[in-house]
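What follows is a single structure, written as structure tokens, with notes after it.
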Amino acid sequence: MAHPPRSAGQDDGTGAPAPPPAVVLEDVRKTYGDVRAVDGVSFTIARGEFFGLLGPNGAGKTTLIEIMEGLRKADAGTVGVLGTPPWPRDTALLPRLGVQTQASAFFVRLTAAEHLRTVAALYGADHDAAARTLRTVGLDEQADIRVEDLSGGQRQRLAIGAALVHDPELIFLDEPTAALDPQARRSLWRVLRDLKRAGRTIVYTTHHLDEAEALCDRVAIMAKGRVTALDSPNRLIAGSSAVTRLLVPADRLDLGAARELPGVLRADLDGDVVVLQAADAGPVLAAVAEVAGLQGVQTRTATLEDVYLGLTGQTVGEQL
């Protein structure tokens, strides 16, 4: 979904007013001394939306998430979470939220099942909640393994399970695939896709832009406390000026000759390939075919990472 659905109070087709959006932010601001950590942020997150919050370290993502979670008070602006202000801390709102942080805390001497049963009990969830959640995050076979003996990927699944076990309406996932190897990360994607298909409302931060492109309905890209772009990944890519890249083996095409090809905006040597940038790949491919042939030539179309780099001017994860 590129845009959130009807606003709160509008008829949902059944004659009853629609519930309020999951999150509504209006001109939210937070400063620390001379630093504007959050500088006039406004957006709405619809119920059932998988919403990504992206940006370099220091962009204001964590501060904004903590404001939504009720951990920090905004200096100015309006914050609504499930139709209510999260600050001051509202004990009635907390059970409706699920939170997974980068540094999740575990009862490491307990088994995975015991850990989730303990968390479920703290929220007053029903007796079978832990078993259901273990199935949801794919840890059925690890139920009787101590948390301290789980792999990194399994612990990340358990952290997500702890955020889900009480069946919250809104889930915050902060870098859930950080520090995982590629296989574990892709495995966790399946869990996240299942949550998305189940209609969970998720606010999600990540530095893996391919992940955001694959999973999120919409993303907000932040830089220096402001939202610089907000839309679906496909719309952001389609509306960007990101170029197509052609990778040609360097032993087949001289860099100087590459720069003279019609339609080439830029050519650079990167290891054993010449990287050509073009607004329209067709004419450049035809020119490459004439002078070097197309064997071994690869095409890289624009991605969300290209949009991100164009807006932030930084590599993923780089400090401001």
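Numbering starts at 1 and runs along the sequence shown. The figures that follow rest on heavy atoms only: side chains count, while hydrogens, waters and symmetry mates do not.
For residues 280-301, the pairs satisfying side-chain hydrogen bond (donor to acceptor under 3.5 Å, both in side chains) are Gln298-Arg300, with sequence neighbours left out. Screening residues 128-165 for ring-ring contact (aromatic ring centres under 6.0 Å, His included), with sequence neighbours left out, gives no hits. Under the salt bridge (charged side-chain N to carboxylate O under 4.0 Å, His left out) criterion, the residue pairs touching residues 184-195 are Arg185-Asp210, Arg185-Glu211, Asp194-Arg197, with sequence neighbours excluded. Under the ring-ring contact (aromatic ring centres under 6.0 Å, His included) criterion, the residue pairs touching residues 110-159 are Phe106-His115, Phe107-His115, Tyr123-His166, with sequence neighbours excluded.
At a threshold of 4.5 Å between side-chain heavy atoms, the hydrophobic network of Ile, Leu, Val, Met, Phe, Trp and Tyr places Ile171 and Phe50 in one connected group. Cluster annotation: Leu309 is connected to Ile237 through the hydrophobic network of ILVMFWY side chains, with a link wherever side-chain heavy atoms come within less than 4.5 Å. Taking hydrophobic clusters as Ile, Leu, Val, Met, Phe, Trp and Tyr residues chained together by side-chain heavy-atom distances below 4.5 Å, Leu215 does not share a cluster with Leu209. No continuous path of ILVMFWY side-chain contacts below 4.5 Å connects Val219 to Leu192, so the two sit in separate hydrophobic clusters. Linking ILVMFWY side-chain heavy atoms closer than 4.5 Å, directly or via other members, places Val119 and Leu97 in two distinct hydrophobic clusters.
Qualifying side chain to side chain contact (heavy atoms under 4.5 Å, CB included) partners for Asp272, counting only residues two or more places apart in sequence or in other chains: none. Under the salt bridge (charged side-chain N to carboxylate O under 4.0 Å, His left out) criterion, Glu66 pairs with Arg72, sequence neighbours left out. Residues passing the side chain to side chain contact (heavy atoms under 4.5 Å, CB included) test with Thr31 are Arg36, Asp75, sequence neighbours excluded. Residues satisfying the side chain to side chain contact (heavy atoms under 4.5 Å, CB included) test with Leu94, not counting sequence neighbours, are Arg89. Asp149 pairs by the side-chain hydrogen bond (donor to acceptor under 3.5 Å, both in side chains) definition with nothing, not counting sequence neighbours. Scored by the side-chain hydrogen bond (donor to acceptor under 3.5 Å, both in side chains) test, Asp251 finds no partners at all (sequence neighbours excluded). Taking the salt bridge (charged side-chain N to carboxylate O under 4.0 Å, His left out) definition, one finds that Asp27 meets it with Arg29, sequence neighbours left out. Scanning for side chain to side chain contact (heavy atoms under 4.5 Å, CB included) contacts around Ala129 gives Ala120, Ala125, Asp126, Arg132, Val165, with sequence neighbours left out.
Between Arg47 and Glu169 there is a salt bridge, since at least one side-chain N of the basic residue sits less than 4.0 Å from a carboxylate O of the acidic one.
For the pair Lys73 and Ile67, the minimum side-chain heavy-atom distance is 4.5 Å or more. For the pair Leu261 and Leu276, the minimum side-chain heavy-atom distance is below 4.5 Å. Put simply, the side chain of Val307 does not reach to within 4.5 Å of the side chain of Glu213, judged on heavy atoms.
The main-chain N or O of Pro176 is found under 3.5 Å from a side-chain atom of Gln156 such that the two form a donor-acceptor pair. At distances below 3.5 Å, at least one donor-acceptor pair connects side-chain atoms of Lys61 with backbone N or O atoms of Pro56. With hydrogens and angles ignored, the 3.5 Å screen pairs a side-chain donor or acceptor of Asp181 with a backbone N or O of Ala184.
Of the candidates Leu195, Leu188, Leu164, Leu164 is the only one forming a side-chain contact (heavy atoms from CB on, under 4.5 Å) with Val137. Applying the side-chain contact (heavy atoms from CB on, under 4.5 Å) test between Leu54 and each of Thr228, Thr205, Leu304 identifies Leu304 as the sole match.
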Q) Between Asp174 and Thr101, does a side chain to side chain donor-acceptor pair (under 3.5 Å) hold up when you go through it step by step? A) CA-CA 5 Å; Asp174 189 7; Thr101 63; over 6 Å; no

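For Tyr204 and Phe51, the gap between ring centers reaches or exceeds 6.0 Å.
Here the closest heavy-atom approach between residue Leu110 and residue Glu114 is recorded as CA-OE1, 3.5 Å.
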